[in-house]
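These figures come from a predicted structure and were not determined experimentally.
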Amino acid sequence: MLINETIITDIKIIIAQSKDKAIKAVDYQRTLMYWHIGERIFEEEQKGKDRADYGRYLTAYIAKELEPEFGSGFSKRQIELIRQFYRTFPIANTLYSQLSWSQYKLLIRLNANDQREFYIAETIKNNWTVRQLERQIHTSLYERLLMSNDKESVLAVAKKEKLPSDAKEIIKDPMFLEFLGLKKESAYYERDLESAIITHLQEFLLELGNGFSFVARQKRIHIEGDEFFVDLVFYNRILQCFVIIEIKTHKLTHQDIGQLQMYVNYYDRTEKLPHENSTIGILLCADKNDAVVKFTLPENQKQIIASQYELYLPSEQQLMAELNKELENFEERDKPKKEIQ
């Protein structure tokens with residue numbers, strides 16, 4: 001008797017999906033349990049609010065009583081996290097079943113509500129794992145996007161309240177490529193970096209942002225008998241356009257910008273369909289001079305973006321200092337010029 005062998009594959013998929021749903025359901029119930037424990041701790045704290053050290057005493061007492069019976073999940077540190085969890089999310093129906101307790105532990109460490117809302121929206125939208133969320137927080141994704149956008153636009157795009165109208169709303173500068181495993185001290189050719197990106201394509205797509213899919217590597221194009229090779233070609237379904245990436249391991253020059261502009265023009269005139277938007281070009285470079293970019297390109301152009309890459313993650317203090325400096329420069333450039341008296 002002939003049996004359709006796909007039945008086994010289908011059943012395995014059903015089993016895997018059911019297991020995944022069961023794990024998520026259990027984790028969500030655990031999250032709710034911690035929320036209710038946090039609520040009870042908060043209620044008890046209010047009774048002793050005249051005592052400044054009552055909160056610390058209470059968490060130590062609860063841990064002492066619960067940890068021997070229920071394990072390390074109820075250590076003093078964990079009880080303090082549960083207490084902080086309730087204070088950060090005081091309304092139960094604002095909790096998301098798509099988020100795990102491990103992800104909530106990362107989120108409650110964030111100080112600003114806008115920052116927290118952004119990472120919640122992005123985690124749910126992109127189905128980030130705990131590791132992916134941790135990396136995005138550690139590399140200050142929110143702050144990097146703020147460097148070229150206002151807070152309202154960044155949050156609106158994350159929450160799907162608006163579609164990005166400008167590539168800068170989703171493309172980051174700098175880009176962190178520490179997952180490539182390349183040492184900063186070594187000299188690399190463009191092809192070395194390109195090969196490493198292809199090897200780690202999934203991580204690179206995550207760093208690129210929302211809606212990107214890989215199209216081609218070393219795409220050959222012919223222009224009146226001359227042959228050129230485009231490093232990397234992607235398509236962004238949100239922006240509905242091709243995205244060309246040229247890799248430069250040296251400091252950016254105006255010749256590099258001109259080369260990328262030619263590729264962008266070629267795609268706009270020969271590859272782009274009538275319903276698609278204009279091609280975006282990204283110069284991924286080791287170092288750049290914003291003034292060179294500014295004066296090489298026409299004013300108010302939105303198709304060419306220069307983004308500096310970093311091969312390692314700086315410390316949080318170094319990263320935030322650099323981001324704050326860039327934000328201050330960005331705000332200064334955006335100030336309207338005083339009229340000449």
Side-chain angles (χ1 to χ4, degrees), residues 118-119 121-128 132 135-136 139 141-142 144-150 152-177 179-180 193-194 196-219 221 229-248 256-257 259-285 288 293 297 300-309:
F118 168 81
Y119 285 113
E122 288 290 341
T123 300
I124 293 171
K125 181 169 64 178
N126 299 298
N127 197 28
W128 284 345
Q132 288 171 334
R135 181 188 178 273
Q136 298 290 38
T139 59
L141 171 62
Y142 177 64
R144 282 188 285 157
L145 290 175
L146 281 183
M147 284 168 61
S148 55
N149 300 281
D150 61 88
E152 289 72 23
S153 292
V154 170
L155 280 175
V157 170
K159 294 178 179 179
K160 293 186 177 180
E161 295 171 353
K162 72 182 283 285
L163 290 175
S165 56
D166 188 333
K168 288 185 178 179
E169 291 182 348
I170 61 174
I171 293 170
K172 298 171 282 296
D173 179 29
M175 289 190 191
F176 289 107
L177 308 181
F179 51 83
L180 300 181
L193 194 59
E194 179 189 318
I197 286 173
I198 294 300
T199 302
H200 299 273
L201 187 58
Q202 184 176 358
E203 291 91 342
F204 184 67
L205 287 170
L206 177 67
E207 176 64 6
L208 265 184
N210 294 328
F212 283 92
S213 57
F214 177 68
V215 176
R217 171 190 185 186
Q218 288 297 309
K219 174 69 175 177
I221 61 175
F229 294 87
V230 182
D231 287 344
L232 297 167
V233 182
F234 294 85
Y235 191 85
N236 189 284
R237 59 181 177 80
I238 300 174
L239 297 171
Q240 292 193 324
C241 68
F242 285 103
V243 178
I244 293 171
I245 296 181
E246 278 294 293
I247 300 169
K248 302 298 175 185
D256 297 328
I257 299 171
Q259 178 189 32
L260 181 58
Q261 183 69 70
M262 180 182 69
Y263 294 159
V264 165
N265 292 342
Y266 176 87
Y267 261 77
D268 273 350
R269 297 169 191 176
T270 64
E271 300 288 341
K272 181 176 82 69
L273 298 177
H275 70 276
E276 293 177 325
N277 292 315
S278 299
T279 303
I280 300 296
I282 301 175
L283 275 164
L284 192 58
C285 53
K288 68 185 176 75
V293 179
L297 296 168
N300 300 319
Q301 73 83 33
K302 296 183 177 181
Q303 286 185 262
I304 304 295
I305 299 171
S307 178
Q308 190 165 313
Y309 67 81

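Residues satisfying the side-chain contact (heavy atoms from CB on, under 4.5 Å) criterion with Leu201, sequence neighbours excluded, are Leu205, Phe214, Phe234. Evaluation of the ring pair (Phe, Tyr, Trp, His ring centres under 6.0 Å) rule for Tyr235 yields Phe242 as partners, not counting sequence neighbours. Judged as a side chain to side chain donor-acceptor pair (under 3.5 Å), and not counting sequence neighbours, Tyr267 has no contacts. Under the rule for a salt bridge (charged side-chain N to carboxylate O under 4.0 Å, His left out), Lys160 has no partner lying at least two apart in sequence or in another chain. Residues satisfying the side chain to side chain donor-acceptor pair (under 3.5 Å) test with Ser153, not counting sequence neighbours, are Asp150. Partners of Lys219 according to the side chain to side chain donor-acceptor pair (under 3.5 Å) rule, which considers only residues two or more places apart in sequence or in another chain, do not exist here. For Ile124, the side-chain contact (heavy atoms from CB on, under 4.5 Å) partners are Tyr96, Gln98, Leu99, Ile120, not counting sequence neighbours.
Among pairs with a residue in residues 259-276, none fulfils salt bridge (charged side-chain N to carboxylate O under 4.0 Å, His left out), at least two apart in sequence or across chains. Each side-chain hydrogen bond (donor to acceptor under 3.5 Å, both in side chains) pair with one or both residues in residues 206-216, not counting sequence neighbours, appears once here: Glu122-Asn210, Asn126-Asn210, Arg135-Glu207, Arg144-Glu207. Under the salt bridge (charged side-chain N to carboxylate O under 4.0 Å, His left out) criterion, the residue pairs touching residues 236-246 are Glu246-Lys248, with sequence neighbours excluded.
Among all heavy-atom pairs drawn from Ile198 and Arg217, the shortest one is CG1-CD, 3.7 Å. Across Ala121 and Ala158, no two heavy atoms sit closer than the pair CB-O, 3.5 Å. Closest non-hydrogen pair, Leu206 versus Lys172, comes out as O-NZ, 4.3 Å.
Between the CD1 atom of Ile244 and the CD1 atom of Ile304 there is a distance of 8.0 Å, given to the nearest 0.5 Å. Atom CG in Leu284 sits 11.0 Å away from atom CG in Leu260 (nearest 0.5 Å).
Between the side chain of Tyr119 and the backbone N or O of Tyr142, at least one donor-acceptor pair lies under 3.5 Å. In this structure, Gln303 contributes its side chain and Gly281 its backbone to no donor-acceptor pair below 3.5 Å. Looking at Asn277, its side chain does come within 3.5 Å of a backbone N or O of Leu239 through a donor-acceptor pair.
With contacts defined as side-chain heavy-atom distances shorter than 4.5 Å, the pair Ile280/Asn236 does not qualify.
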